Number of protein chains: 2
Amino acid sequence: MCKGKSEHTNEGSASVPLEKLTQPGILLLLVKDKSHGYELIQKLNQVEYIDGELEAATVYRTLRRMEQDGLIESRWEHGEFGPARRQYEITDYGRETLKHWAGGLKSRMKQIETFLENYYGLMD
Amino acid sequence: MCKGKSEHTNEGSASVPLEKLTQPGILLLLVKDKSHGYELIQKLNQVEYIDGELEAATVYRTLRRMEQDGLIESRWEHGEFGPARRQYEITDYGRETLKHWAGGLKSRMKQIETFLENYYGLMD
DNA sequence: ATATCTATGTACGTAGCGTATATAGGTATG
DNA sequence: CATACCTATATACGCTACGTACATAGATAT
């Protein structure tokens with residue numbers, strides 16, 4: 001049923017070309033409570049605003065980058081149970097950025113709405 | 001006034017980490033009428049749903065990729081005025097994909113809405 | 001002649017993400 | 001005790017999307 005399509009790994013253009021809300025999602029969770037990577041992965045894969053599933057490797061990689069950027073801070077926590085964990089907390093700069101991103105996402109949402117109005121307007 | 005922040009090129013996390021609507025935007029324009037790269041660049045930078053500005057190189061590169069993917073087709077047009085242009089048309093597969101993407105963008109918009117409700121719910 | 005507009009393209013670098021794989025401590029089961 | 005599974009973090013490789021810089025070339029205007 002499908003036509004010409006992709007030679008490389010596009011896989012029938014199955015997914016909308018719009019990134020996941022990984023960084024905003026992590027900041028939103030860390031505003032509520034400090035946490036570590038493994039727990040964040042599970043929480044992110046339960047919330048409604050994450051599209052599909054986030055891979056563990058993606059989250060760990062993103063956390064390290066966000067710490068480099070000063071959005072979050074970590075320290076090792078050697079608890080009595082299980083392996084040591086890297087405990088993350090949001091920074092003041094992270095809180096500012098989250099606020100800033102929320103404003104940007106509001107605009108982005110309106111732009112998508114405009115796109116859809118434009119599209120459905122044509123399809124009448 | 002700014003705090004710790006980035007060592008690499010994050011530039012104060014100025015922009016929301018969500019991609020532009022380049023491919024959907026191109027398809028939406030080509031559904032209305034066939035066009036060439038230079039014209040598409042100018043149109044894309046006038047519509048309301050594109051965030052910020054799209055660079056010419058980005059558009060040309062995207063058009064070539066989209067043709068490889070079978071979303072659009074081109075042929076050289078040697079007009080009487082100015083340099084030759086590559087005229088693009090949307091394919092049937094492109095129209096299907098646009099429809100598919102519109103559905104995905106609707107979901108994506110709702111997810112962003114959910115994120116914002118979650119965020120503003122915390123900030124009361 | 002020179003500058004500007006039209007028009008397309010390549011090269012290089014970065015961010016975000018997926019898949020595969022490595023490592024290592026803790027717990028449960030046979 | 002051995003083995004399997006869960007917790008927990010991390011690296012390597014590859015791909016898409018995008019920006020910046022640069023290259024090329026015909027057409028038009030001054």
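This is a predicted model, so every value here is computed, not measured. Every chain is numbered from 1, with letters handed out A, B, ... down the list of sequences.
Summarising the geometry, the separation between CD on Gln23(A) and C1' on dC17(C) is reported as 12 Å, rounded to the nearest angstrom. Atom CD of Glu19(A) is separated from atom P of dT14(C) by 18 Å (rounded to the nearest Å). Atom CG in Leu63(A) sits roughly 16 Å away from atom P in dA15(C) (whole-Å rounding). Distance Glu55(B) CD to dC22(D) P: 14 Å, rounded to the nearest Å. Whole-Å rounding puts the Asn45(B) CG to dC18(D) P distance at 12 Å. Between the CZ atom of Arg108(B) and the C1' atom of dG16(C) there is a distance of 13 Å, given to the nearest Å. Atom P of nucleotide dG18(C) and atom NZ of Lys20(A) are separated by 4 Å, given to the nearest angstrom. Rounded to an integer number of Å, the gap from Ile26(B) CD1 to dT8(C) C1' is 14 Å.
For residues 42-67 of chain B, the pairs satisfying ring-ring contact (aromatic ring centres under 6.0 Å, His included) are Phe115(A)-Tyr49(B), with sequence neighbours left out.
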All N/O pairs under 3.5 Å across the protein-nucleotides 4-13 of chain D interface:
residue: dT7(D); atom: OP2; partner: Tyr38(A); partner atom: OH; Å: 2.9
residue: dA8(D); atom: OP1; partner: Arg85(A); partner atom: NE; Å: 2.7
residue: dA8(D); atom: OP1; partner: Arg85(A); partner atom: NH2; Å: 2.3
residue: dT9(D); atom: OP1; partner: Arg86(A); partner atom: N; Å: 2.5
residue: dT9(D); atom: OP2; partner: Gly37(A); partner atom: N; Å: 3.2
residue: dT9(D); atom: OP2; partner: Tyr38(A); partner atom: N; Å: 2.7
residue: dT9(D); atom: OP2; partner: Tyr60(A); partner atom: OH; Å: 3.2
residue: dA10(D); atom: OP1; partner: Arg86(A); partner atom: NE; Å: 3.0
residue: dA10(D); atom: OP1; partner: Arg86(A); partner atom: NH2; Å: 2.9
residue: dT11(D); atom: OP2; partner: Arg64(A); partner atom: NE; Å: 3.2
residue: dT11(D); atom: OP2; partner: Arg64(A); partner atom: NH2; Å: 2.9

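Qualifying salt bridge (Lys or Arg N to Asp or Glu O under 4.0 Å) partners for Arg64(B), counting only residues two or more places apart in sequence or in other chains: none.
Between the side chains of Gln111(A) and Arg108(A), at least one donor-acceptor pair of N or O atoms lies under 3.5 Å.
At the phosphate of dC17(C), OP1 or OP2 sits under 4.0 Å from a side-chain N or O atom of Thr22(A). Thr58(A) has a side-chain polar atom (N or O) that falls below the 4.0 Å cut-off from OP1 or OP2 of dG18(C).
Comparing the axis of the opening five pairs of the helix from dA1(C)-dT30(D) to dG30(C)-dC1(D) with that of the closing five pairs yields an angle of 10°, rounded to 10°.
Side-chain contact between Met66(A) and Gln23(A): present, with at least one pair of heavy atoms (C-beta onward) separated by less than 4.5 Å.
If you check every strand for non-hydrogen atoms under 4.0 Å, Glu77(B) touches nothing.
Residues Asp51(A) and Lys20(A) come closest through the heavy atom pair O-NZ, 2.8 Å. The shortest heavy-atom contact between Ile72(B) and Leu63(B) is CD1-O, 3.5 Å. Nearest heavy-atom pair across Val47(B) and Leu44(B) is CG2-O, 3.3 Å.
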Problem set entry | Stepwise side chain to side chain donor-acceptor pair (under 3.5 Å) check, Glu67(B) with Ser74(B) | CA-CA 8 Å; Glu67(B) 184 162 26; Ser74(B) 75; 3.0 Å; yes

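In this structure, Lys106(A) is positioned above the aromatic face of Tyr120(B), its NZ or CZ under 6.0 Å from the six-membered ring centre and within 45° of the axis.
Across residues 27-35 of chain A, not one residue has a non-hydrogen atom less than 4.0 Å from an atom of DNA chain C.
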Taking only distance into account, with no hydrogens and no angle test, what donor-acceptor pairs under 3.5 Å do side-chain atoms of residues 24-41 of chain B form with protein atoms, sequence neighbours excluded?
residue: Lys32(B); atom: NZ; partner: Asn118(A); partner atom: OD1; Å: 3.1
residue: Ser35(B); atom: OG; partner: Glu39(B); partner atom: OE1; Å: 2.5

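The local environment of CD in Glu73(B) is sparse, with at most 12 non-hydrogen atoms from other residues, nucleotides or ligands closer than 6.0 Å.
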